[in-house]
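As C-alpha coordinates, the structure follows; a few thoughts come after it.
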Amino acid sequence: MNLAISSLIIFIIVSPAILARRIYFTKELSKSFVSRNTLQEIFSSIFLSFILHFLWSGFVEIIGYQIDFKIIFQLLFNPQAILDYSNITANIFKIFTYFITLAIVSTLFGYIIRNIVRVYKLDRKSTLLRYDNTWYYIFSGEVLDIEKYNKNKLVTSDNIGQRIVDVLTKSDEKYVLYRGSLIDYQLNDSNSVDFIVLASPRKQIIGE
(Lines give C-alpha, C1' and ligand atoms only; values in the text may rest on other atoms or scores of the structure.)
Protein backbone atom coordinates (compact mmCIF):
# COMPACT_ATOMS: atom_id res chain seq x y z
CA MET A 1 0.00 0.00 0.00
CA ASN A 2 2.82 2.42 0.91
CA LEU A 3 4.52 1.69 -2.42
CA ALA A 4 1.26 2.32 -4.25
CA ILE A 5 0.76 5.66 -2.47
CA SER A 6 4.34 6.74 -3.19
CA SER A 7 4.02 5.73 -6.86
CA LEU A 8 0.77 7.66 -7.18
CA ILE A 9 2.30 10.77 -5.56
CA ILE A 10 5.34 10.57 -7.86
CA PHE A 11 3.11 10.31 -10.93
CA ILE A 12 0.98 13.28 -9.80
CA ILE A 13 4.08 15.38 -9.14
CA VAL A 14 5.67 14.51 -12.49
CA SER A 15 2.43 14.78 -14.53
CA PRO A 16 2.78 18.55 -15.28
CA ALA A 17 6.18 17.90 -16.86
CA ILE A 18 4.74 14.99 -18.87
CA LEU A 19 2.01 17.32 -20.15
CA ALA A 20 4.56 19.97 -21.12
CA ARG A 21 6.64 17.39 -22.99
CA ARG A 22 3.58 15.91 -24.68
CA ILE A 23 2.59 19.32 -26.04
CA TYR A 24 6.18 20.00 -27.11
CA PHE A 25 6.37 16.70 -29.00
CA THR A 26 3.33 16.94 -31.26
CA LYS A 27 2.26 15.61 -34.64
CA GLU A 28 5.16 14.46 -36.83
CA LEU A 29 7.66 15.46 -34.15
CA SER A 30 6.20 13.15 -31.50
CA LYS A 31 8.32 10.08 -32.22
CA SER A 32 10.62 10.55 -29.21
CA PHE A 33 7.60 10.81 -26.93
CA VAL A 34 5.48 7.89 -28.11
CA SER A 35 8.43 5.49 -28.33
CA ARG A 36 8.82 5.55 -24.53
CA ASN A 37 6.69 3.69 -22.02
CA THR A 38 5.18 5.36 -18.96
CA LEU A 39 8.11 4.54 -16.66
CA GLN A 40 10.65 5.92 -19.14
CA GLU A 41 8.61 9.07 -19.58
CA ILE A 42 8.40 9.62 -15.81
CA PHE A 43 12.18 9.39 -15.46
CA SER A 44 12.67 11.65 -18.49
CA SER A 45 10.37 14.26 -16.94
CA ILE A 46 11.79 14.36 -13.40
CA PHE A 47 14.26 17.21 -14.01
CA LEU A 48 11.70 19.34 -15.87
CA SER A 49 9.16 18.58 -13.14
CA PHE A 50 11.58 19.86 -10.49
CA ILE A 51 11.99 23.15 -12.39
CA LEU A 52 8.24 23.59 -12.92
CA HIS A 53 7.38 22.91 -9.25
CA PHE A 54 10.23 25.12 -8.04
CA LEU A 55 8.99 28.08 -10.09
CA TRP A 56 5.28 27.51 -9.43
CA SER A 57 5.66 26.89 -5.69
CA GLY A 58 7.68 30.10 -5.47
CA PHE A 59 4.87 31.97 -7.21
CA VAL A 60 2.26 30.37 -4.94
CA GLU A 61 4.15 31.42 -1.82
CA ILE A 62 4.54 34.96 -3.17
CA ILE A 63 0.76 35.34 -3.45
CA GLY A 64 0.31 34.22 0.16
CA TYR A 65 0.00 30.42 0.28
CA GLN A 66 2.35 28.14 2.21
CA ILE A 67 3.41 24.69 1.01
CA ASP A 68 4.30 22.03 3.59
CA PHE A 69 7.29 20.37 1.90
CA LYS A 70 7.87 18.13 4.91
CA ILE A 71 4.61 16.26 4.47
CA ILE A 72 5.28 15.92 0.72
CA PHE A 73 8.59 14.16 1.40
CA GLN A 74 6.85 11.95 3.96
CA LEU A 75 4.21 10.98 1.41
CA LEU A 76 6.96 10.10 -1.05
CA PHE A 77 9.40 8.22 1.16
CA ASN A 78 7.71 7.37 4.47
CA PRO A 79 3.88 7.51 4.38
CA GLN A 80 3.55 5.42 7.57
CA ALA A 81 5.20 8.25 9.52
CA ILE A 82 2.16 10.45 8.90
CA LEU A 83 -0.13 10.04 11.88
CA ASP A 84 -2.62 12.75 11.02
CA TYR A 85 -3.94 13.39 7.51
CA SER A 86 -6.27 16.19 8.63
CA ASN A 87 -3.94 18.86 7.23
CA ILE A 88 -4.11 17.22 3.81
CA THR A 89 -7.88 16.72 3.80
CA ALA A 90 -8.48 20.26 5.08
CA ASN A 91 -6.47 21.69 2.19
CA ILE A 92 -7.48 19.22 -0.50
CA PHE A 93 -9.13 21.94 -2.61
CA LYS A 94 -5.99 24.09 -2.50
CA ILE A 95 -3.85 21.08 -3.42
CA PHE A 96 -6.19 20.24 -6.28
CA THR A 97 -6.12 23.85 -7.48
CA TYR A 98 -2.31 23.93 -7.32
CA PHE A 99 -1.93 20.91 -9.61
CA ILE A 100 -4.67 21.99 -12.04
CA THR A 101 -3.21 25.47 -12.46
CA LEU A 102 0.31 24.05 -12.79
CA ALA A 103 -0.94 21.59 -15.43
CA ILE A 104 -2.45 24.48 -17.42
CA VAL A 105 0.72 26.57 -17.10
CA SER A 106 2.88 23.56 -18.07
CA THR A 107 0.74 22.95 -21.16
CA LEU A 108 1.09 26.58 -22.21
CA PHE A 109 4.82 26.40 -21.47
CA GLY A 110 5.28 23.39 -23.75
CA TYR A 111 3.22 25.02 -26.51
CA ILE A 112 5.10 28.34 -26.36
CA ILE A 113 8.55 26.74 -26.26
CA ARG A 114 7.64 24.45 -29.15
CA ASN A 115 6.51 27.38 -31.29
CA ILE A 116 9.60 29.44 -30.44
CA VAL A 117 11.87 26.53 -31.38
CA ARG A 118 10.02 25.86 -34.64
CA VAL A 119 9.46 29.47 -35.77
CA TYR A 120 13.08 30.48 -35.21
CA LYS A 121 14.38 27.11 -36.49
CA LEU A 122 16.32 26.54 -33.28
CA ASP A 123 16.00 22.76 -33.60
CA ARG A 124 17.87 22.98 -36.91
CA LYS A 125 20.60 25.14 -35.40
CA SER A 126 21.20 23.12 -32.22
CA THR A 127 21.42 19.34 -31.81
CA LEU A 128 20.28 19.78 -28.20
CA LEU A 129 16.87 21.04 -29.37
CA ARG A 130 16.58 18.74 -32.37
CA TYR A 131 13.76 16.21 -32.39
CA ASP A 132 14.44 12.49 -32.66
CA ASN A 133 12.26 12.08 -35.74
CA THR A 134 15.00 12.18 -38.38
CA TRP A 135 12.58 11.16 -41.12
CA TYR A 136 10.55 14.32 -40.56
CA TYR A 137 13.54 16.52 -41.34
CA ILE A 138 14.30 14.45 -44.47
CA PHE A 139 10.75 14.27 -45.85
CA SER A 140 9.93 17.90 -45.03
CA GLY A 141 13.17 19.19 -46.53
CA GLU A 142 14.17 20.84 -43.26
CA VAL A 143 17.37 18.80 -43.41
CA LEU A 144 18.54 21.53 -45.82
CA ASP A 145 18.44 24.00 -42.92
CA ILE A 146 20.97 21.95 -40.93
CA GLU A 147 24.49 23.22 -41.62
CA LYS A 148 26.04 19.75 -41.32
CA TYR A 149 24.12 18.55 -44.39
CA ASN A 150 23.95 21.81 -46.35
CA LYS A 151 26.91 24.04 -45.64
CA ASN A 152 26.44 26.35 -48.63
CA LYS A 153 22.76 27.00 -47.85
CA LEU A 154 22.04 27.73 -51.51
CA VAL A 155 18.73 25.94 -51.11
CA THR A 156 16.68 25.80 -47.89
CA SER A 157 13.37 24.31 -46.85
CA ASP A 158 11.72 27.60 -47.81
CA ASN A 159 12.47 26.83 -51.45
CA ILE A 160 10.59 23.52 -51.39
CA GLY A 161 7.10 23.65 -52.88
CA GLN A 162 6.40 19.96 -53.44
CA ARG A 163 7.86 16.75 -52.02
CA ILE A 164 8.49 14.15 -54.73
CA VAL A 165 9.60 10.74 -53.49
CA ASP A 166 11.06 7.73 -55.29
CA VAL A 167 10.32 4.39 -53.64
CA LEU A 168 12.10 1.25 -54.83
CA THR A 169 10.33 -2.02 -53.95
CA LYS A 170 10.79 -5.67 -54.84
CA SER A 171 7.87 -7.83 -55.97
CA ASP A 172 7.97 -11.27 -57.59
CA GLU A 173 11.73 -11.00 -58.11
CA LYS A 174 11.23 -7.69 -59.94
CA TYR A 175 12.20 -4.23 -58.79
CA VAL A 176 9.43 -1.66 -59.03
CA LEU A 177 9.99 2.08 -58.76
CA TYR A 178 7.15 4.30 -57.57
CA ARG A 179 7.37 8.08 -57.92
CA GLY A 180 4.80 10.45 -56.46
CA SER A 181 4.04 13.40 -54.23
CA LEU A 182 4.42 12.53 -50.55
CA ILE A 183 1.15 12.87 -48.62
CA ASP A 184 1.81 11.02 -45.38
CA TYR A 185 4.00 8.39 -43.77
CA GLN A 186 4.08 6.21 -40.66
CA LEU A 187 7.03 5.11 -38.54
CA ASN A 188 7.33 1.85 -36.63
CA ASP A 189 8.75 1.26 -33.14
CA SER A 190 12.31 1.03 -34.45
CA ASN A 191 12.02 4.53 -35.97
CA SER A 192 12.01 3.14 -39.52
CA VAL A 193 9.46 3.99 -42.19
CA ASP A 194 6.57 1.53 -41.99
CA PHE A 195 4.60 2.85 -44.97
CA ILE A 196 4.16 6.00 -47.01
CA VAL A 197 1.22 7.50 -48.93
CA LEU A 198 1.85 8.99 -52.38
CA ALA A 199 -0.42 11.11 -54.54
CA SER A 200 -0.69 10.22 -58.24
CA PRO A 201 2.13 7.66 -58.10
CA ARG A 202 3.85 6.53 -61.30
CA LYS A 203 4.94 2.93 -61.53
CA GLN A 204 8.02 1.72 -63.42
CA ILE A 205 9.38 -1.81 -63.48
CA ILE A 206 13.18 -1.68 -63.44
CA GLY A 207 14.82 -3.67 -66.20
CA GLU A 208 12.01 -3.39 -68.71
Side-chain angles (χ1 to χ4, degrees), residues 14-38 40-49 51-52 55 103-171 175-207:
V14 177
S15 58
I18 295 177
L19 279 174
R21 285 170 51 80
R22 186 64 186 92
I23 295 299
Y24 183 79
F25 294 105
T26 53
K27 299 180 180 179
E28 296 90 346
L29 301 171
S30 63
K31 179 61 185 177
S32 62
F33 184 92
V34 299
S35 63
R36 293 184 172 95
N37 58 40
T38 303
Q40 288 175 318
E41 190 55 39
I42 287 176
F43 279 108
S44 299
S45 303
I46 287 177
F47 181 71
L48 177 59
S49 178
I51 295 176
L52 291 173
L55 295 175
I104 294 172
V105 170
S106 299
T107 301
L108 291 174
F109 173 78
Y111 178 80
I112 292 171
I113 294 299
R114 177 188 183 277
N115 280 277
I116 290 174
V117 168
R118 295 294 295 160
V119 169
Y120 291 98
K121 301 181 180 181
L122 300 179
D123 55 326
R124 281 154 272 179
K125 297 175 182 178
S126 171
T127 55
L128 181 64
L129 297 174
R130 195 163 302 155
Y131 294 87
D132 291 344
N133 191 346
T134 306
W135 289 104
Y136 174 80
Y137 291 103
I138 295 174
F139 286 145
S140 67
E142 291 183 8
V143 67
L144 297 174
D145 299 329
I146 301 175
E147 185 176 0
K148 177 181 178 181
Y149 304 104
N150 187 21
K151 293 183 179 180
N152 295 326
K153 296 289 182 70
L154 297 177
V155 179
T156 68
S157 61
D158 297 328
N159 303 119
I160 297 177
Q162 189 177 14
R163 299 177 295 176
I164 303 299
V165 176
D166 289 331
V167 181
L168 183 63
T169 64
K170 185 178 182 181
S171 178
Y175 289 97
V176 181
L177 179 67
Y178 294 92
R179 169 173 290 185
S181 179
L182 181 65
I183 299 297
D184 195 12
Y185 66 95
Q186 181 66 48
L187 303 181
N188 56 32
D189 292 336
S190 61
N191 205 19
S192 299
V193 178
D194 194 16
F195 66 85
I196 64 174
V197 180
L198 301 178
S200 304
R202 295 183 180 180
K203 177 181 178 181
Q204 178 184 353
I205 299 177
I206 305 299

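Note that these values count all heavy atoms, side chains included, but never hydrogens, waters or copies made by symmetry.
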### Residue pair Q186, V197: steps toward the side-chain contact (heavy atoms from CB on, under 4.5 Å) verdict
CA-CA 9 Å; Q186 181 66 48; V197 180; over 6 Å; no
#### Entry: Sequence-distant partners of I138, side chain to side chain contact (heavy atoms under 4.5 Å, CB included), two or more places apart
T134, W135
### Query
Mind checking what makes side chain to side chain contact (heavy atoms under 4.5 Å, CB included) contact with L198, not counting sequence neighbours?
V165, V167, Y178, L182, I196, P201
#### Entry: Student check: side-chain heavy atoms of L108 and Y111 closer than 4.5 Å
no
### Task
Would you indicate whether the side-chain heavy atoms of T156 and N159 approach each other to under 4.5 Å?
yes
#### Entry: Residues which pass salt bridge (charged side-chain N to carboxylate O under 4.0 Å, His left out) with D184, listed by chain and number, not counting sequence neighbours
none
### Message
According to ring pair (Phe, Tyr, Trp, His ring centres under 6.0 Å), who are the partners of Y24, at least two apart in sequence or on a separate chain?
### Response
Y131
### Residues that D166 engages under side chain to side chain contact (heavy atoms under 4.5 Å, CB included), provided they are two or more places apart
L177, R179
### Message
Between I206 and V176, does the side-chain contact (heavy atoms from CB on, under 4.5 Å) criterion hold? Intermediate values first, please.
### Response
CA-CA 6 Å; I206 305 299; V176 181; over 6 Å; no
### Pairs flagged by salt bridge (charged side-chain N to carboxylate O under 4.0 Å, His left out) wherever residues 142-156 is involved - sequence neighbours left out
R118-E142, R124-E142, R124-D145
### Message
By the salt bridge (charged side-chain N to carboxylate O under 4.0 Å, His left out) test, which pairs, at least two apart or in different chains, include something from residues 154-165?
### Response
K121-D158
### Query
For L48, which residues count as a side chain to side chain contact (heavy atoms under 4.5 Å, CB included) partner, sequence neighbours excluded?
A17, A20, R21, L52, F109
